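One is the number of the first residue; the rest follow in order along the sequence. These numbers come from a predicted model, not from an experiment.
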Amino acid sequence: MPTVGIVFGGASTEYRESIRAARTLYQNALRKLGSRYRFKYYLLTRSNKFASAEFSEGIIKKTISKKSKPRDANYNRVSSLARVDVIYSTLMGTSGENGNVMGLADILDVPIIGCGILASALSLDKRLSKVLAESASIPVVEYLYVEKNADLRAIVDKINKTVEFPCFVKPNNLGTCAYAFKAENASEFKHKWEETVRSNSYSDGYLIEKFVPNIEVRVFLYQDLNGDFHVNDRYVTTLKDGAIGSGGVLFDHVKNKLPDSLRKRIVRYAMRIFKLFGMKDYARIDFFVEKSTHTIYFNEANTQPHIGYFGIQLMKEDGSSYAEFIDTMIQRNL
């Protein structure tokens, strides 16, 4: 019986989000696949050390609270991970979505489900991913890239001369809308910028984007055992009024009522980025659609998207299940 190592947690702003994703995976897929595979669980602590097998499994099965502090058991756990047949990671952000766990898998000579080192690192670097998308003639919203220690007055001056206010600010290397904010004017920007830079120890650079009233179309793609693509573009969100702050962004789910021709164009862009970035297995690629003009802009690519309740429901509507998807991903990499 093949053994699958599930890696989750990690030293990032998304530590708890990663645990939640792993628990969702266990509850909705892994329990149903127990007759086909043996699953072992590997929690990375907030200091990026592997916790014990007992603690890791307890976190997944909720016999241990995710607020509990694990004792590191690093070296023997790495040795254990080297003996699994395939790795599946729900690590997010700077803890694993940047390519480092993919590098570890390469060193251990164990296949890992999902995108590899280069595609993961490119996708997490929002500036580089926009540069690459533009090189393929895929539009992006006008933006600035600034270092966190840049002169504040100079940043405001650049904003006034280019993207203007209102603007949207987000770290170059984080996900889940951590430390992102919208600023209507220079005064609001200065206040939120100083607070964000002071509290965010994970990011050295930020993107400052021209704010475009939009809906966001999140295109989920995965490859089946024959390498053929399956695509879902029904995950569409709109920003709630007043929901932006350093703690994150809240969205409302809306129906994708865009014209078919526009939807097909977005899907073509998503497939082009999937191939251009050298992705494999699955990814989620997000686009802004300007409300007034229906102009499409590439936003970002997610090589480790959290598949939660809404995503699982979309799979069911397509006649599949989360367990079948995970089974396909395991089989693709065995």
Side-chain angles (χ1 to χ4, degrees), residues 5-28 41-51 55-56 59-60 62 64-70 87-105 112-115 117 119-127 129 148 168-181 196-197 199-207 216 218 220 235 237 243-251 282-286 299-312:
I6 308 298
V7 184
F8 61 102
S12 80
T13 58
E14 299 159 281
Y15 174 79
R16 291 187 180 180
E17 182 77 6
S18 175
I19 291 175
R20 187 160 66 91
R23 284 177 169 176
T24 300
L25 174 70
Y26 169 72
Q27 292 165 359
N28 294 276
Y41 302 98
Y42 297 84
L43 171 70
L44 268 178
T45 68
R46 290 184 182 274
S47 58
N48 266 351
K49 304 293 184 183
F50 281 105
F55 193 93
S56 299
I59 288 289
I60 287 288
K62 295 186 178 182
I64 297 176
S65 168
K66 60 186 176 184
K67 294 181 180 180
S68 302
K69 293 183 178 181
I87 295 170
Y88 185 79
S89 167
T90 69
L91 296 172
M92 299 179 183
T94 53
S95 180
E97 218 167 347
N98 58 357
N100 60 9
V101 72
M102 296 77 182
L104 174 61
I112 186 167
I113 294 168
C115 296
I117 300 168
S120 300
L122 276 174
S123 298
L124 193 65
D125 190 310
K126 293 180 173 61
R127 176 179 58 162
S129 67
K148 68 176 184 180
F168 193 86
V169 182
K170 56 190 177 185
N172 189 53
N173 64 331
L174 298 181
T176 321
C177 304
Y179 299 105
F181 65 87
T196 298
V197 170
S199 57
N200 177 17
S201 61
Y202 295 93
S203 307
D204 294 325
Y206 291 79
L207 291 187
E216 187 175 28
R218 304 179 179 189
F220 184 77
Y235 190 176
T237 63
I244 304 176
S246 60
V249 181
L250 298 176
F251 298 94
Y282 73 102
R284 200 192 75 213
I285 303 171
D286 302 343
N299 178 26
E300 62 185 36
N302 298 272
T303 56
Q304 190 53 66
H306 170 50
I307 301 174
Y309 173 79
F310 190 74
I312 292 171

Minimum heavy-atom separation for [X] and [Y], please, with both atom names.
| X | Y | value |
| --- | --- | --- |
| A21 | H306 | CB-ND1, 3.1 Å |
| Y42 | G5 | CE1-CA, 3.9 Å |
| T13 | A178 | OG1-CB, 3.9 Å |
| S120 | C115 | OG-O, 3.6 Å |
| N200 | P171 | ND2-CG, 3.9 Å |
| T24 | G308 | CG2-CA, 4.5 Å |

Hey, what do you get for [atom1] ([X]) to [atom2] ([Y]), rounding to the nearest 0.5 Å?
| X | Y | atom1 | atom2 | result |
| --- | --- | --- | --- | --- |
| S123 | E300 | OG | CD | 9.5 Å |
| T303 | E97 | OG1 | CD | 4.5 Å |
| L91 | I6 | CG | CD1 | 11.0 Å |
| T94 | N100 | OG1 | CG | 8.5 Å |
| R46 | L44 | CZ | CG | 12.5 Å |
| T90 | E14 | OG1 | CD | 11.0 Å |

Quick one: does any side-chain atom of [X] pair with a main-chain N or O of [Y] as donor and acceptor, under 3.5 Å?
| X | Y | answer |
| --- | --- | --- |
| S95 | M92 | no |
| S203 | G205 | no |
| S68 | S65 | yes |
| K126 | L174 | yes |
| N302 | A283 | no |

Practice item. Mind running salt bridge (Lys or Arg N to Asp or Glu O under 4.0 Å) on R218 and E216 for me, showing each step along the way? Key: CA-CA 6 Å; R218 304 179 179 189; E216 187 175 28; 3.1 Å; yes
Using side-chain heavy atoms (C-beta onward) and a distance below 4.5 Å, is [X] in contact with [Y]?
| X | Y | value |
| --- | --- | --- |
| Y309 | N28 | no |
| Y282 | I113 | yes |
| P70 | L43 | yes |
| S199 | Y179 | yes |
| Y206 | K170 | no |
| V169 | L207 | no |
| F8 | Y41 | yes |
| I19 | I59 | yes |

Practice item. Give the intermediate values and the outcome of side-chain contact (heavy atoms from CB on, under 4.5 Å) for residues T45 and F50. Key: CA-CA 6 Å; T45 68; F50 281 105; over 6 Å; no
**Study point:** Pair N172, D125: side-chain N/O donor-acceptor within cut-off below 3.5 Å
**Key:**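 Looking only at side-chain atoms, D125 and N172 do form a donor-acceptor pair, the distance falling under 3.5 Å.
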Check your understanding: Using the ring of each side chain (for Trp, its six-membered ring), is Y235 parallel, tilted or perpendicular to F310, with breaks at 30° and 60°?
Key ->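 Rings of Y235 and F310: tilted, as their planes differ by 30° to 60°.
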